[in-house]
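Index from 1, following the sequence. In this text the structure is predicted, and so the values were computed from the model without any measurement.
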Amino acid sequence: MIGYLQGVVKWVEPPAIVLLAHDVGYEVICSATTLSELPEGTKTALWIYTQVREDGIQLFGFTSQVEKKLFESLIKVNGIGPKMAIQILSGASLEQLIDAIEQQDVKALTQLPKVGKKIAEQMILTLKGKLVMSSPSAPSVSDDLTSALSHLGFKTLDIQEVVKKIDKKKPFEEQLRSALSTLGGAR
């Protein structure tokens with residue numbers, strides 16, 4: 001199974017990109033959130049969920065392990081497959097989605113693409129109380145930054161919002177300084 005790819009975004013056509021890694025172009029389906037972070041020509045790394053079926057293999061990519069974990073949780077819900085999970089992740093921020101599930105907000109969930117009342121209720125039944133927004137240790141600067149800010153006592157949701165906006169091409173120290181400057185009033 002493919003679990004992680006690093007390369008250059010060769011082509012973008014929502015909901016997919018072609019990621020060129022070691023002279024091989026991998027077609028990877030991504031949420032709108034992830035796609036917004038991946039303009040053509042940029043070097044990136046993606047956490048990958050590999051779906052193997054008798055009619056083919058599909059790759060689903062995420063810039064954070066948090067989004068990947070939420071995706072994996074969503075596909076455990078009866079009636080939600082990988083493509084629908086990507087559409088759901090494209091319809092709201094991770095925080096909004098988790099909040100709607102935890103608050104049992106059926107109305108908010110039915111506003112998401114392809115989610116009717118039955119699926120919304122099933123999402124709540126299956127996932128309420130089981131979603132965790134912490135990111136396990138990983139070999140990316142974003143996850144190191146998240147860990148450092150978390151150890152400094154900042155709130156997870158605040159950290160995730162700031163980390164999304166940080167220029168990932170800058171050295172870790174500059175990213176940390178920028179995040180601390182932004183989070184200074186968020187405590």
Quiz item: Checking salt bridge (charged side-chain N to carboxylate O under 4.0 Å, His left out) for the pair Lys107/Asp105: CA distance, chi angles, key distance, verdict?
Solution: CA-CA 5 Å; Lys107 185 176 178 184; Asp105 190 346; over 6 Å; no
Please name the pair of heavy atoms, one in [X] and one in [Y], separated by the smallest distance, quoted to 0.1 Å.
{"X": "Ala85", "Y": "Ile75", "value": "CB-CG2, 3.7 Å"}
{"X": "Ser90", "Y": "Ala32", "value": "OG-N, 2.8 Å"}
{"X": "Met123", "Y": "Leu97", "value": "CE-CD1, 4.0 Å"}
{"X": "Ala16", "Y": "Leu35", "value": "O-CD2, 4.2 Å"}
{"X": "Thr110", "Y": "Ala120", "value": "CG2-CB, 4.0 Å"}
{"X": "Pro113", "Y": "Ile88", "value": "O-CG1, 4.0 Å"}

Applying a strict under-4.5 Å side-chain criterion to I, L, V, M, F, W and Y, I'd like to know whether [X] and [Y] cluster together.
{"X": "Tyr26", "Y": "Val12", "result": "yes"}
{"X": "Leu5", "Y": "Leu20", "result": "no"}
{"X": "Val28", "Y": "Met84", "result": "no"}
{"X": "Leu89", "Y": "Ile124", "result": "yes"}
{"X": "Ile80", "Y": "Leu94", "result": "yes"}

Quiz item: To the nearest 0.5 Å, how far apart are OG1 in Thr63 and CD in Glu37?
Solution: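 Answer rounded to 0.5 Å: 3.5 Å.
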Self-check item: Cys30 SG to Leu19 CG distance, which is reported to the nearest 0.5 Å
Solution: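 Going from SG on Cys30 over to CG on Leu19, the span is 8.5 Å.
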Quiz item: Phe62 and Trp47: aromatic ring centres closer than 6.0 Å?
Solution: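 That pair fails the under 6.0 Å test.
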Exercise. List the steps, then state whether side-chain contact (heavy atoms from CB on, under 4.5 Å) holds for Lys10 with Glu40.
Key: CA-CA 6 Å; Lys10 189 71 174 168; Glu40 286 183 20; over 6 Å; no
Quiz item: Are Tyr4 and Leu46 close enough, and set up right, to give a side-chain contact (heavy atoms from CB on, under 4.5 Å), and what steps lead you there?
Solution: CA-CA 6 Å; Tyr4 184 82; Leu46 294 175; over 6 Å; no
Quiz item: Strictly by modelled atom types, are Gln160 and Thr146 linked by a side-chain donor-acceptor pair under 3.5 Å?
Solution: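 Checked: Gln160/Thr146 side chains show no N/O donor-acceptor pair below 3.5 Å.
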Exercise. State whether a side-chain donor-acceptor pair under 3.5 Å links Thr33 with Glu67.
Key: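 Side-chain D/A pair, Thr33 to Glu67: absent.
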Would one find more than 12 heavy atoms of other residues, nucleotides or ligands at under 6.0 Å from atom [atom1] of [X]?
{"X": "Asp55", "atom1": "CG", "value": "yes"}
{"X": "Lys83", "atom1": "NZ", "value": "no"}
{"X": "Gln6", "atom1": "CD", "value": "yes"}

Between [X] (side chain only) and [Y] (backbone N and O only), is there a donor and an acceptor less than 3.5 Å apart?
{"X": "Glu121", "Y": "Val106", "value": "no"}
{"X": "Thr182", "Y": "Ser178", "value": "yes"}
{"X": "Gln96", "Y": "Ser93", "value": "yes"}
{"X": "Thr42", "Y": "Leu38", "value": "no"}

Quiz item: Would Lys130 and Glu72 satisfy salt bridge (charged side-chain N to carboxylate O under 4.0 Å, His left out), going step by step from the backbone distance to the final call?
Solution: CA-CA 12 Å; Lys130 297 179 182 164; Glu72 291 172 334; over 6 Å; no
Practice problem: Would you please test Met1 and Val52 for side-chain contact (heavy atoms from CB on, under 4.5 Å) and show each step? | Solution: CA-CA 9 Å; Met1 296 286 180; Val52 180; 3.8 Å; yes
